[in-house]
Student: 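Pasting a structure below so you can have a look.
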Amino acid sequence: MVPVFSKVAVIGLGTMGAGIVEVFAKADFPVYAVDGSTELAERGRGFVTKSLERAVSKGKLSEADRDATLERITFTAELSDLADADLVIEAVPERMEIKHSIFTALDDIVRPDAILASNTSSLSLTEVAAGTRHPERVVGMHFFNPAPVLQLVEVITTVLLADDVADAIRDLALKLGKKPVVVGDRAGFVANALLIPYLARAIALYQTGKVSRVDLDNACKVGIGLPMGPLTLSDLVGLDVVHEVCEVMYAATKRASDASPSLLRQLVLAKRLGRKTGQGFYDYSADAGAEEDAGTDAMTASAAIVGKGELATQLAGAFAKAGVTVTAIDDPETDVADLAGSPLVVLVGGAEAECANCDSGECDVEGKDADSACCSGAAPGNWFSDVAEVLDARTVVLAADEASEFAVAGVLDDDVALLPLRVHQETKHGQVAEFGVSLGTTDEQAAMVRATLTAAGFVPVAGPARPGLVVDSLLFQHVGDAVAMVDAGYATPQDVDTAMTAGCGYPRGLFAILDDLGADVVADGLLEQGSVDPTVVPNPLLVEHAVRDLPFLD
Ligand code: CAA
């Protein structure tokens, strides 16, 4: 018989449970909201009331609707009250023994045909189900934080589940205005299996001390356009939850990047769990000081922009607007002797132009890439190497693309700071200009570059000068994980994109991003990243798409 849901119960009134109660009550369902004691049930009432008040104060809910919503909820500490529930969703802490004791108790309370759902984000649903008297009615119904806002519901099936239950839960999710994705029982399901390793990589990078927390968050929020940076998001999700999902993921995959970073473990042991305890990667207490602003005091007074193209024009304009005296050189015939002693020289996408033979396909530079028609601007005596020859340790050189970097590497004196610069596409949060620092970069040089980029209107991100810097190393590996999930036959590209947009608020799904970038660009980027971290390897399906130039989405 197809289940019908008239009366719903939610057990566990923490952040997630209270959010789920609100979702059902707002959709006109009578809801039992249960926690382990009267105090905890009252605390849950407080969470729901506060959230509804917030909606009222924003004009999204009338006071009458708030009262009607609250009236539909029965807050209780008694499981025995649930005898007439058609659907019970547990959202208690992620410990198997707690889940088992609740489901065992429910076996004696609810009707045999009532559906028991778990909001678990990390435990094996099959193990939860197998411990009950009727495993065929145990299903996963996984909501995302904040549950009233995010639309994804992962409906998790097991090999024990009765045929019609997943469909009934999917239809229910649709009735709640959510976007369901039905998948099997695998560590992390879809969204967490992609989100949590990305968060863990970001945390692992942060713990090296090579990137500040604000830069790391800006790299993803501003650089990629995600709703929050990974450290802010970890604090929202709860560091204990991130840690638990890492443990489950690592146990299942044994992939180094899934392991819980030691800093995360330490914060969990220290009970700094993020927003819910007032401190995590950030301090949420009322007296926490604001993040220090580096200011623009250290910016350069003058800079040379050498090169051609849109980016060269943008940088020259933005620097000039910030009060920097700009020398823009876009003609290879210009005498560059005057650049000696410049504090800042930016080389931009002009490298190909210096070898006249490249354009005609007749370049015969010794040692050029055998498969390539040209030397990519590496020709001896080229424009950029003329610039490189006049510079000394007084100058910081920013190379805005690989070709520019390649054109001067080996020509510049060893004591000249050559830093990679990548200006990313503007997103709704701003535009990231990311630069790489290496062992020879001094604090003063990094501060000068940061201050100049800030004054020019960019959001600066400084990280290690390694392939992909911060933005592309996190993004490409995140996208690579999504391809591996599809290659494993667990989810479709469409499922993944629904999960990440509806569950994590991404403005575009990972496959939409991948198709935009091109599979070849991501595969090449991962290969490069693999040159410094052998655990990073492009998935074979990604390589197939790259070779055949095929998008993942229609
Ligand atoms: N309850 C109810 N509504 C909330 C809310 C909450 N806790 N938090 C925010 N909102 C509402 C706000 O009222 C606001 O609504 P309006 O636009 O209609 O006014 C809207 O959400 C946007 O909020 P803000 O303007 O305050 O802030 P924002 O634009 O930065 O959005 C956010 C906040 C919705 C949390 C957004 O940043 C986001 O989507 N972040 C990503 C969160 C995410 O990835 N969650 C999934 C984590 S993984 C998980 O939960 C699964 C697991 O098992 C671990």
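In this text the structure is predicted, and so the values were computed from the model without any measurement. Note that ligands are numbered from 1 as they come in the structure, with each ligand's atoms numbered from 1 the same way.
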Student: Which ligand 1 atoms, with their elements, are less than 4.0 angstrom from a heavy-atom of Gly503?
Tutor: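 So the answer, numbered in order with elements, is 45 (N), 46 (C).
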
Student: Using a 4.0 Å cutoff against the non-hydrogen atoms of Val237, which atoms of ligand 1 qualify?
Tutor: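 The atoms of ligand 1 under 4.0 Å from a heavy atom of Val237 are 47 (C), 48 (S), 54 (C).
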
Student: Donor-acceptor check, side chain of Asp481 to backbone of Pro197, threshold 3.5 angstrom: yes or no?
Tutor: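 Answer holds: no.
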
Student: For Cys504, counting its heavy atoms only, list the atoms of ligand 1 lying under 4.0 Å from any of them.
Tutor: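 Within the 4.0 Å cut-off of Cys504, ligand 1 contributes 41 (C), 43 (C), 44 (O).
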
Student: Applying side-chain contact (heavy atoms from CB on, under 4.5 Å) to Phe75 and Leu13, what does each step give before you reach the verdict?
Tutor: CA-CA 10 Å; Phe75 291 93; Leu13 303 178; 4.0 Å; yes

Student: Determine, counting only non-hydrogen atoms of the protein, whether one lies under 4.0 angstrom from atom 45 (N) of ligand 1.
Tutor: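 Given the 4.0 Å cut-off, atom 45 (N) of ligand 1 counts as touching protein heavy atoms.
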
Student: Return yes when His142 approaches ligand 1 closer than 4.0 angstrom through a heavy atom, no otherwise.
Tutor: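 Contact present.
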
Student: How about Arg272: does its CZ atom have over 12 heavy atoms from other parts shown lying under 6.0 Å from it?
Tutor: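 Counting other residues, nucleotides and ligands, CZ of Arg272 stays at 12 neighbours or fewer.
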
Student: Look at atom 3 (N) of ligand 1 and say which protein heavy atom is nearest, naming residue and atom and giving the distance to 0.1 Å.
Tutor: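 Looking only at protein heavy atoms, the one closest to atom 3 (N) of ligand 1 is Val149 CG2, 3.1 Å.
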
Student: Quick check on contacts: which atoms of ligand 1 are under 4.0 angstrom from a heavy atom of Val241?
Tutor: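 Those qualifying, in numeric order: 54 (C).
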
Student: Would you say atom 17 (O) of ligand 1 makes contact with the protein, given that contact here means a non-hydrogen protein atom less than 4.0 Å away?
Tutor: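 No, because not a single protein heavy atom sits under 4.0 Å from atom 17 (O) of ligand 1.
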
Student: Determine whether any protein heavy atom is located less than 4.0 Å from atom 28 (P) of ligand 1.
Tutor: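 Within 4.0 Å: no protein heavy atom nearby.
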
Student: What's the shortest distance from atom 48 (S) of ligand 1 to any protein heavy atom, and which residue and atom give it?
Tutor: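 Nearest protein contact, heavy atoms only, for atom 48 (S) of ligand 1 is Leu195 CD2, 3.6 Å.
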
Student: Starting from atom 49 (C) of ligand 1, what is the nearest protein heavy atom, named by residue and atom, and what distance separates them?
Tutor: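 Ranked first by proximity to atom 49 (C) of ligand 1 is Phe144 CD2, 3.4 Å.
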
Student: State whether any protein heavy atom lies less than 4.0 Å from atom 5 (C) of ligand 1.
Tutor: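 Answer yes: something from the protein, a heavy atom, is under 4.0 Å.
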
Student: Using a 4.0 Å cutoff against the non-hydrogen atoms of Lys58, which atoms of ligand 1 qualify?
Tutor: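 With Lys58 as reference, the close atoms of ligand 1 come out as 12 (C), 13 (O), 14 (C), 15 (O), 19 (O).
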
Student: Any ion pair linking Lys99 and Glu94 (charged N to carboxylate O, less than 4.0 Å)?
Tutor: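 Salt bridge: yes.
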
Student: Tell me, which protein residue and heavy-atom name are nearest atom 50 (O) of ligand 1, and how many Å apart are they?
Tutor: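 The answer is Asn145 N, 2.9 Å.
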
Student: Considering only the protein, which heavy-atom contact is closest to atom 15 (O) of ligand 1, and what is its distance?
Tutor: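 Of the protein heavy atoms, Lys60 NZ, 2.8 Å lies nearest.
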
Student: Test of understanding: given a 4.0 Å heavy-atom threshold, classify the contact between Asn192 and ligand 1 as side chain, backbone, both, or neither.
Tutor: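 Looking at Asn192 and ligand 1, just side chain atoms fall under 4.0 Å.
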
Student: Heavy atoms only: which of Ser51, Pro227, Ala55, Gly505 lies closest to atom 38 (C) of ligand 1?
Tutor: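 Selected option, by shortest heavy-atom distance: Pro227.
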
Student: For atom 10 (N) of ligand 1, what's the nearest protein heavy atom and its distance?
Tutor: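 Result: Arg54 NH2, 3.0 Å.
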
Student: Within the distance-only criterion (no hydrogens, no angle test), does the side chain of Asp497 pair as donor or acceptor with the backbone N or O of Ala512 below 3.5 angstrom?
Tutor: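 Indeed, once roles are kept as given, a pair shorter than 3.5 Å links the two residues.
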
Student: Counting N and O atoms only, with roles assigned by atom type, does the side chain of Lys276 sit under 3.5 Å from a partner on the main chain of Leu273, one being a donor and the other an acceptor?
Tutor: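 The answer is no, because no donor-acceptor pair under 3.5 Å joins these two groups.
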
Student: Closer than 4.0 Å to some heavy atom of Leu233 - which atoms of ligand 1 meet that?
Tutor: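 Selected atoms, number and element: 42 (C), 43 (C), 44 (O).
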
Student: I'd like to know if the side chain of Thr49 reaches the main chain of Arg45, judged simply by a donor and an acceptor atom lying under 3.5 Å from each other, with no hydrogens or angles considered.
Tutor: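 Present.
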
Student: Could you point out which residue of Val110, Leu161, Asp113, Leu87 forms a side chain to side chain contact (heavy atoms under 4.5 Å, CB included) with Arg137?
Tutor: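 Among the candidates, only Val110 passes.
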
Student: Identify, for atom 33 (C) of ligand 1, the protein heavy atom at the shortest distance, and state residue, atom and that distance.
Tutor: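 Looking only at protein heavy atoms, the one closest to atom 33 (C) of ligand 1 is Met228 CE, 4.7 Å.
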
Student: Can you sort out which atoms of ligand 1 are near Ser121, meaning under 4.0 Å from one of its heavy atoms?
Tutor: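 Those qualifying, in numeric order: 52 (C), 53 (O).
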
Student: Need the ligand 1 atom indices (1-based, order shown) with element for anything under 4.0 Å from a heavy-atom of Leu150.
Tutor: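 Checking each atom against Leu150, I get 39 (O), 42 (C), 43 (C), 45 (N), 46 (C).
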
Student: Output yes when a side-chain donor or acceptor of His100 lies under 3.5 Å from a complementary backbone atom of Glu127, and no otherwise.
Tutor: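 It does hold such a pair.
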
Student: Under 4.0 Å from atom 12 (C) of ligand 1, do we find at least one protein heavy atom?
Tutor: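 When distances to the protein are checked, atom 12 (C) of ligand 1 has a heavy atom within 4.0 Å.
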
Student: For Met249, is there any backbone N or O sitting under 3.5 Å from a side-chain donor or acceptor partner on Thr253?
Tutor: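 Checked: pair present.
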
Student: Sub-3.5 Å donor-acceptor pair from the side chain of Thr158 to the main-chain atoms of Leu125, do we have one?
Tutor: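 No.
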
Student: So, the side chain of Arg72 versus the backbone of Ala25: is there a donor-acceptor pair under 3.5 Å, distance only?
Tutor: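 Here the side-chain-to-backbone pair exists.
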
Student: List the steps and the verdict of side-chain contact (heavy atoms from CB on, under 4.5 Å) for Met500 and His478.
Tutor: CA-CA 11 Å; Met500 303 317 284; His478 196 19; 4.1 Å; yes

Student: Kindly state if atom 23 (O) of ligand 1 has a protein heavy atom within a strict 4.0 Å cut-off, that is, under 4.0 Å?
Tutor: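 Within 4.0 Å: no protein heavy atom nearby.
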
Student: Among all protein heavy atoms in this structure, tell me which lies nearest to atom 7 (N) of ligand 1, with the distance rounded to 0.1 Å.
Tutor: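 Nearest protein contact, heavy atoms only, for atom 7 (N) of ligand 1 is Pro146 CB, 3.4 Å.
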
Student: Mind checking whether Phe458 and His424 have ring centres under 6.0 Å apart?
Tutor: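 When the ring centroids of Phe458 and His424 are compared, they turn out to be at least 6.0 Å apart.
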
Student: Main chain of Arg213, side chain of Tyr282: is a donor-acceptor contact present, judged purely on distance under 3.5 Å?
Tutor: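 Here the side-chain-to-backbone pair exists.
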
